[in-house]
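Residue numbers begin at 1 in each chain, while the letters A, B, ... track the order of the sequences. Only heavy atoms go into these numbers, but all of them, side chains included; no hydrogens, no water, no symmetry mates.
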There are 2 protein chains.
Amino acid sequence: MFKAAKQSRIFQDVVEQIQETIIAGKLKPGEILPSERELKEMLQVSRGTLREALRVLEQKGLIEIKLGVGGGAVVQDVSYDQINESLALLIRYQKVSLRHLSEFRVGVEGRVSALAAERATPADVFRLKSLLEQAHQFAEKGSDFQKEFVEVDKQIHLALAEITENPVYISLHHTVHDNIDHYYEAFLVMKQREMEENYTDLGSIIDAVERKDVDGARQLAEAHVLRFNHYMENREK
Amino acid sequence: MFKAAKQSRIFQDVVEQIQETIIAGKLKPGEILPSERELKEMLQVSRGTLREALRVLEQKGLIEIKLGVGGGAVVQDVSYDQINESLALLIRYQKVSLRHLSEFRVGVEGRVSALAAERATPADVFRLKSLLEQAHQFAEKGSDFQKEFVEVDKQIHLALAEITENPVYISLHHTVHDNIDHYYEAFLVMKQREMEENYTDLGSIIDAVERKDVDGARQLAEAHVLRFNHYMENREK
DNA sequence: TTCAAAAGAATGGTTAAACCATTACAATTT
DNA sequence: AAATTGTAATGGTTTAACCATTCTTTTGAA
């Protein structure tokens with residue numbers, strides 16, 4: 001009927017108090033918590049216990065601890081960093097492979113492009129086209145500029161995610177790429193022809209977005225990411 | 001040219017040593033680490049420093065600490081729990097709203113159903129149909145059984161995710177629902193007619209999966225989740 | 001003989017005081 | 001004015017002791 005009233009873990013209570021204060025907005029990003037010696041007095045706990053609580057909050061990404069005079073626990077803005085780290089752990093545990101993540105990316109990019117086609121304003125299309133022009137230039141310069149080309153490719157996908165105005169997709173873009181780029185850098189090799197193929201892909205997607213062709217944007221984006229994945233798989237052999 | 005040699009944080013070194021040991025598989029889920037007093041000798045650190053390291057590992061979800069004789073740090077299997085917690089934090093920070101999450105779910109369920117249509121074996125279809133039959137029975141019994149109906153609905157979506165054999169989708173199913181069900185329980189009210197509509201939806205999706213109608217499965221699943229979302233939005237007013 | 005209660009032991013949880021290492025800032029010297 | 005040095009505040013670490021929880025063993029009464 002009832003569950004244990006208290007795990008007799010004082011530091012958890014401290015974690016919750018500080019976390020709630022931060023989430024309630026009483027402590028804003030950039031602000032500094034009182035020093036450990038002050039906090040332990042305020043909370044009536046020992047310094048060791050307080051430090052365990054701060055360690056947990058740091059791990060959650062809610063604070064960052066700086067050394068020296070004027071240092072202390074600085075409140076952080078929430079970000080996707082923690083989700084990234086958790087996902088990276090899953091990958092390192094080999095519960096998730098590159099193939100799984102790439103396949104997931106196909107679906108996400110397809111959906112993002114479809115939503116972008118629904119919602120893009122003329123200003124959004126303009127921004128996409130100027131990124132596309134950059135991609136064009138790197139593609140023309142050949143495989144010495146592969147790194148730059150891939151970077152612009154990434155920015156275009158991020159721009160599409162931003163057009164959806166859904167933070168889930170924006171965070172996810174960062175999360176997926178933080179965990180997938182490592183492989184790209186190690187294994188991906190594109191010749192000029194492949195870069196130009198990709199440039200054409202991107203142009204078609206952006207065209208579809210401009211025409212508000214929801215279904216076309218989705219299919220083109222899926223095919224584009226699939227092609228990217230195939231480059232990778234061929235290089236892994 | 002060089003980066004700081006050491007962040008002078010001994011506990012981080014301890015965290016890494018233990019984490020690597022776990023990830024390398026030298027410590028398997030269920031096994032218990034040596035006691036704090038033994039570990040501090042092995043690692044040549046103080047107990048306080050060791051405890052800060054254990055706190056971090058606990059927060060990462062790699063260990064769980066049990067009290068009393070025979071207690072200690074039990075190695076955990078990795079799970080989506082940490083990702084869930086990070087996402088829940090983003091939601092509490094109001095960086096992500098229910099609307100954002102629901103919209104994301106539309107895309108995910110669509111893609112999952114499409115992949116399931118590609119990959120479902122006859123055994124998979126059989127399992128889906130038996131879950132569907134359960135849904136049918138709860139739908140017939142009326143709104144007293146809404147909770148049970150929603151539960152079966154959830155199991156069907158999970159089954160579809162499992163058919164993809166992609167752990168990203170399986171984890172994501174749990175992550176999304178852990179963060180969305182709370183709203184369902186608070187705001188979702190379905191009359192018998194709405195339950196039957198949903199039952200019909202689910203039947204159509206499973207039909208499409210059986211026919212390997214990839215595009216149909218996607219569209220039906222998207223529409224199904226959208227309808228679910230609309231029930232919610234209407235109740236929030 | 002059985003079994004419940006009590007004692008014992010091992011473990012994590014907490015406290016306290018002291019010292020070290022890093023850093024920002026002020027004071028001093030060049 | 002610039003460079004150096006000193007100072008103080010902050011987090012990082014150590015140590016030793018005690019408390020609280022939980023499993024195991026022993027004890028003692030029915």
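For C:dG12, its base sits under 3.5 Å from the side chain of B:R37 at one donor and acceptor pair at least. Contact annotation: side chain of B:R47 to base of C:dG13, donor-acceptor pair present below 3.5 Å.
D:dT14 atom P lies 12 Å from atom CZ of B:F11, rounded to whole Å. One can place CG of A:L67 at 9 Å from P of D:dT13, the figure rounded to the nearest angstrom. Between B:I65 atom CD1 and C:dT11 atom C1' there is a gap of 11 Å when expressed in whole angstrom units. Between the CD atom of A:E64 and the P atom of D:dT10 there is a distance of 18 Å, rounded to whole Å. We find that NZ of A:K66 is positioned 18 Å from P of D:dA9, with the value rounded to whole Å. When the P atom of C:dC20 is taken as reference, atom CD1 of B:I10 falls 14 Å away, rounded to whole Å. Atom CD in B:Q44 sits about 21 Å away from atom P in D:dG12, given to the nearest Å. Summarising the geometry, the separation between CG on B:L57 and C1' on C:dG12 is reported as 15 Å, rounded to the nearest angstrom.
Classified by interplanar angle (parallel below 30°, tilted 30° to 60°, perpendicular above 60°), the ring pair B:Y80/B:H174 is parallel.
With a 6.0 Å radius and a threshold of 12 heavy atoms from other residues, nucleotides or ligands, A:Q94 has its CD atom at or below the threshold.
Taking side-chain N and O atoms only, A:R51 has a distance below 4.0 Å to OP1 or OP2 of D:dG12. Contact check, A:T49 against C:dG13: no side-chain N or O comes under 4.0 Å of OP1 or OP2. Residue A:R9 places none of its side-chain N or O atoms closer than 4.0 Å to OP1 or OP2 of C:dT14.
For A:V69 and A:K40, each mapped to the nucleotide of DNA chain C holding its nearest heavy atom, the one lying further toward the 5' end belongs to A:K40. Mapping B:G70 and A:G71 onto DNA chain D by nearest heavy atom places A:G71 at the nucleotide closer to the 5' end.
With 3.5 Å as the limit, one finds a donor-acceptor pair spanning the side chains of A:E133 and A:Q137. B:H177 and B:H182 are not linked by any side-chain donor-acceptor pair at a separation below 3.5 angstrom, with hydrogens and angles left out of the test.
A cation-pi arrangement is absent between A:K129 and A:F126, since the terminal nitrogen or guanidinium carbon is not both under 6.0 Å from the aromatic centre and inside a 45° cone about the axis.
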